[in-house]
**Student:** 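So that we are looking at the same thing, I have put the structure below in structure tokens.
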Amino acid sequence: MKLYEKYPISLTNSLSGKKEKFETLVPGFVGMYVCGPTVYNFVHLGNTRTFLSFDIISRYLRFLGYKVRYVRNITDVGHLVGDADEGEDKIGKKARLEQLEPMEIVKRYTEDFQNVMRQFNILPPSIEPSATGHIVEQINITKKLIDLGLAYEANGSVYFDVKKYNSSHHYGILSGRNIEELIESGRELDSQDEKREKIDFALWKKAAPEHIMRWPSPWGDGFPGWHIECTVMSTKYLGETFDIHGGGMDLKFPHHECEIAQATGANGKSPVRFWIHSNMLTVNGQKMSKSLGNSFLPSELFTGSHPLLEKGYSPMTVRFFMLQSHYSSTLDFSNEALNAAEKGFKKLNNALTLIKSLTHPSKITNQNSELEKTLLDQIDKCFQNMSDDFNTAKTLAVLFEMASQINTWANQKESLAQVSEDTFEKFKSTYIAMMEEVLGLKEETSGNNDLLDGTINVLIGLRKKVRADKNFALSDKIRDDLKAIGIKLKDGKEGEMSYEIE
RNA sequence: GACUGCGUAGCCAAGUGGUAAGGCGAUGGUCUGCAAAACCAUUAAUCGUGGGUUCGAUCCCCACCGCAGUCUCCA
């Protein structure tokens, strides 16, 4: 029996707004597509949260035994600048501002993005396709939609005919919007006169002469519309219908709605079985975004250089912080919350280090069947909580209980003999796996420098000596002076000493 | 204005038709020469307001208030 059969997943499908049982199109396999970043700037922490959420989802699916193909795109073309007069490519605009080639920008920010993902221990997707690598496919599907009568050309651009689509399908199925209201209340855009209706969206945009990124097409030189890339890339690598499509809440409308319309129009079937939307990271209750000026760069967070921060926080602290809330809730970001997370994570991290060093005495002396039952229950709960809409917050609550148990064992090694070796091993492997494989919380070690480690050990040796001599004044001075420079000495039960860098 | 979602202890944050996880903080204790860490115990929520359904609602429905997001590029 596969783990995914033992612990079947249920998840909230944005399409229905309800929690549903997760069933894959092909048994044992999962196709998952997530809207990736637009690489025209550094990724901020808000972006990171979304990718973390889907990192957890893909990790857990794999952990349960599914074979997962996870596709996350890189948008390196196609976004229109909102306040620009004409449909202008965001990347193209920035290129001119900085006097750089578009591809130079794309490369720089793609590398930054991937680097940040690595720091947070967010695993790379199976395929990371770029929009510019799929121009041909985007032209082809645009042609197909024209042939089907669902798109029309106007002045070198091609638009999707939403009203036409809506006559046989439901536009608004995902976002709950009403097409009539959209037509009435839609904002005037400058390319309005080209479009039949305000809500029609571009599949292909004609490039102005000064536009740098451009490709030849049957309609002249231009570039693809924003929504079409995701449809093309998801279809190409996952098929016309696939299991999971994810992204940030802010993409639900219009982006995902448009994707559904295009794909359904072109292929005659609904593209996605389960839509998952992750919620926003907020700062003082407001969405973190570049334009609001309240965004944090990951590097500012690690070093503490952002004016709103008191100090720096490690990547794993931040990762833990985000996992304490459910992906579908907004998460508010503050110094206080981050400090609490730092301490909480340290606790789990210490237990992780400890459990790795603990071994069972291989025989039971004074069996405690109640404890045994509790442990087995905790193991089971980890899976059940994760299978319940990837509830990392609930899972962490169990891990905290497990950490307490680990500390107890570490303090009283003889208590290990109260449970069977089999249960202990299960407990141990579950704790380690949940931490490292599923939640991706890597062990953070304080000593990472041999020279420093050696130096401190010399001081520890000295301190042991003077302590044995009952020279407490000197032993305290060694400890206090080290503490003053951020090194915390801890005396163990059996006279051993360890240290920790703060 | 329309649509979507949220409002739980000092702070962060889960969750449920039968009065509510966990973390941080606070208090007391154990351990320690003293600390730190750890362990034990204690602490704090009339679950935004007002109605309705129900034997019973914080969780279901309605209204209202407040907040956020989307409707324009956005994770």
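We name chains A, B, ... by the order of the sequence lines, and we start the count at 1 in each one.
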**Student:** Mind checking whether A/F51 and A/F120 have ring centres under 6.0 Å apart?
**Tutor:** no
**Student:** Please report the distance, rounded to the nearest Å, between CG in A/D332 and C1' in B/C24.
**Tutor:**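 Those two atoms, CG and C1', are 15 Å apart.
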**Student:** What integer distance in Å separates A/D491:CG from B/C34:P?
**Tutor:** 11 Å
**Student:** Would you mind classifying the nucleic acid contact of A/K347 as base, sugar-phosphate or nothing, using non-hydrogen atoms under 4.0 angstrom?
**Tutor:** sugar-phosphate
**Student:** Give the residues of residues 309-323 of chain A touching RNA chain B, defined as any heavy atom closer than 4.0 Å, sorted by residue number.
**Tutor:** none
**Student:** Rounded to whole angstrom, note down the P distance from B/C40 over to B/C24.
**Tutor:**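 It works out to 12 Å between them.
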**Student:** So, do A/Y109 and A/F42 have ring centers that fall under 6.0 Å from each other?
**Tutor:**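 Yes; A/F42 has its ring centre under 6.0 Å from that of A/Y109.
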**Student:** Please report the distance separating the P of B/U16 from the corresponding atom of B/U70, rounded so that it comes out in whole Å.
**Tutor:**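 Between the two P atoms, the distance is 27 Å.
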**Student:** Does A/S329 put a side-chain nitrogen or oxygen below 4.0 Å from OP1 or OP2 of B/A14?
**Tutor:** yes
**Student:** Could you check whether the rings of A/Y327 and A/F390 sit parallel, tilted or perpendicular, using 30° and 60° as the cut-offs?
**Tutor:**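 Judged by the thresholds at 30° and 60°, the geometry between A/Y327 and A/F390 is tilted.
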**Student:** Expressed as a whole number of angstroms, how long is the span from A/F400:CZ to B/C12:P?
**Tutor:**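 Atom CZ in A/F400 sits about 17 Å away from atom P in B/C12.
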**Student:** Select base, sugar-phosphate, or nothing to describe what A/K488 touches, counting heavy atoms under 4.0 Å on all strands.
**Tutor:** sugar-phosphate
**Student:** Distance check, C1' atoms only: B/C39 and B/A75, in whole angstrom units.
**Tutor:** 42 Å
**Student:** Contact class for A/H277 (heavy atom, under 4.0 Å): base, sugar-phosphate, or nothing?
**Tutor:** nothing
**Student:** Under 4.0 Å, counting only non-hydrogen atoms across every strand here, what does A/L281 touch: a base, just sugar-phosphate, or nothing?
**Tutor:** base
**Student:** NZ of A/K343 versus P of B/A38: gap in Å, rounded?
**Tutor:** 11 Å
**Student:** Which residues, if any, of residues 467-478 of chain A bring a heavy atom under 4.0 Å of RNA chain B?
**Tutor:** A/R467, A/F472, A/S475, A/D476
**Student:** Under 4.0 Å, heavy atom to any atom of RNA chain B: which of residues 374-396 of chain A qualify?
**Tutor:** A/N391, A/A393, A/K394
**Student:** Looking for any heavy atom pair under 4.0 Å, which part of the strands does A/K287 touch: base, sugar-phosphate only, or nothing?
**Tutor:** base
**Student:** Parallel, tilted or perpendicular: which one describes the rings of A/H245 and A/W275, with boundaries at 30° and 60°?
**Tutor:**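 Taking A/W275 first and then A/H245, their aromatic rings lie parallel (interplane angle under 30°).
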**Student:** Taking the same atom, P, in B/A21 and in B/A41, what whole-Å distance lies between them?
**Tutor:**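 To the nearest whole Å, 15 Å.
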**Student:** Between P on B/A75 and CG on A/L331, what's the gap in Å once rounded to a whole number?
**Tutor:**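 Spelled out: CG on A/L331 to P on B/A75 is 18 Å.
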**Student:** Can you confirm whether the side chains of A/E128 and A/Q114 place a donor and an acceptor under 3.5 Å from each other?
**Tutor:** yes
**Student:** In residues 171-179 of chain A, which ones come under 4.0 Å of RNA chain B, going by heavy atoms?
**Tutor:**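 Under 4.0 Å from RNA chain B: A/S175, A/G176, A/R177.
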**Student:** Atom NZ of A/K252 and atom P of B/U70: how far apart are they, to the nearest Å?
**Tutor:**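 For the pair A/K252 NZ and B/U70 P, the rounded distance is 13 Å.
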**Student:** Let's go through A/R108 and A/D112 carefully: what are the C-alpha distance in whole Å and the side-chain angles of both, what is the deciding distance for salt bridge (charged side-chain N to carboxylate O under 4.0 Å, His left out) to 0.1 Å, and is it a yes or a no?
**Tutor:** CA-CA 6 Å; A/R108 183 207 287 174; A/D112 167 71; over 6 Å; no
**Student:** Would you indicate what A/S404 reaches in the nucleic acid, counting non-hydrogen atoms under 4.0 angstrom: base, sugar-phosphate, or nothing?
**Tutor:**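 Sugar-phosphate only.
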**Student:** Establish, with yes or no, whether the OP1 or OP2 oxygen of B/A38 is under 4.0 angstrom from a side-chain nitrogen or oxygen of A/N407.
**Tutor:**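 A/N407 to B/A38 OP1/OP2: no side-chain N or O under 4.0 Å.
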**Student:** Can A/K381 and A/D377 be counted as an ion pair, charged N to O under 4.0 angstrom?
**Tutor:**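 Yes.
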**Student:** Salt bridge check: are A/R479 and A/D476 linked by an N-O gap of less than 4.0 Å?
**Tutor:** yes
**Student:** Between residues 350-357 of chain A and RNA chain B, which residues have a heavy-atom gap below 4.0 Å?
**Tutor:**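 The stretch gives none, as no residue of it lies under 4.0 Å from the strand.
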**Student:** So is A/R72 actually on top of A/F54's ring, under 6.0 Å and inside 45° of the axis?
**Tutor:** no
**Student:** With sugar-phosphate meaning primed atoms plus P, OP1 and OP2, does A/L489 contact a base, only sugar-phosphate, or nothing at under 4.0 Å between heavy atoms?
**Tutor:**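 The answer is base, as A/L489 lies within the cut-off (heavy atoms under 4.0 Å) of a base atom.
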**Student:** So, A/N73 and A/Y33: side-chain donor and acceptor under 3.5 Å apart, yes or no?
**Tutor:** yes
**Student:** Which of these, A/K19, A/K18, A/E20, sits in a side chain to side chain donor-acceptor pair (under 3.5 Å) with A/S16?
**Tutor:** A/E20
**Student:** Counting Watson-Crick and G-U wobble pairs whose two distances are both under 3.5 Å, find the runs of 3 or more in a row that involve RNA chain B.
**Tutor:**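 RNA chain B forms these stems: B:1-7 with B:65-71, B:10-12 with B:22-24, B:25-30 with B:38-43, B:48-52 with B:60-64.
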**Student:** Ion pair present between A/R319 and A/E444, side-chain N to carboxylate O less than 4.0 angstrom?
**Tutor:** no
**Student:** Looking at A/K163, I'd like to know if its NZ atom is crowded, meaning that more than 12 non-hydrogen atoms belonging to other residues, nucleotides or ligands lie closer than 6.0 Å.
**Tutor:** no
**Student:** Check this for me: does any side-chain nitrogen of one of A/E342 and A/K311 sit under 4.0 Å from a carboxylate oxygen of the other?
**Tutor:** yes
**Student:** Atom CZ of A/R463 and atom P of B/A35: how far apart are they, to the nearest Å?
**Tutor:**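 For the pair A/R463 CZ and B/A35 P, the rounded distance is 13 Å.
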**Student:** Regarding A/G36, tell me which of base, sugar-phosphate or nothing describes its non-hydrogen contacts under 4.0 Å with the strands shown.
**Tutor:** sugar-phosphate
**Student:** Classify the side chain of A/R479 and the base of B/A35 as holding, or not holding, a donor-acceptor pair under 3.5 Å.
**Tutor:**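 Present.
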**Student:** Can you tell me how far C1' in B/C60 sits from the matching atom in B/C55, rounded to whole Å?
**Tutor:** 16 Å
**Student:** So A/S325, base contact, sugar-phosphate only, or nothing? Heavy-atom distance under 4.0 Å.
**Tutor:** sugar-phosphate
**Student:** How far, in whole Å, is B/G1 from B/A57 if one measures between their C1' atoms?
**Tutor:** 33 Å
**Student:** Using atom C1' of each nucleotide, how far apart are B/G23 and B/U32 to the nearest Å?
**Tutor:**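 Between the two C1' atoms, the distance is 27 Å.
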**Student:** When the P atoms of B/G28 and B/C12 are considered, how many whole Å apart are they?
**Tutor:**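 Between the two P atoms, the distance is 26 Å.
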**Student:** Round to the nearest Å and state the distance from A/Q324 atom CD to B/A13 atom C1'.
**Tutor:** 7 Å
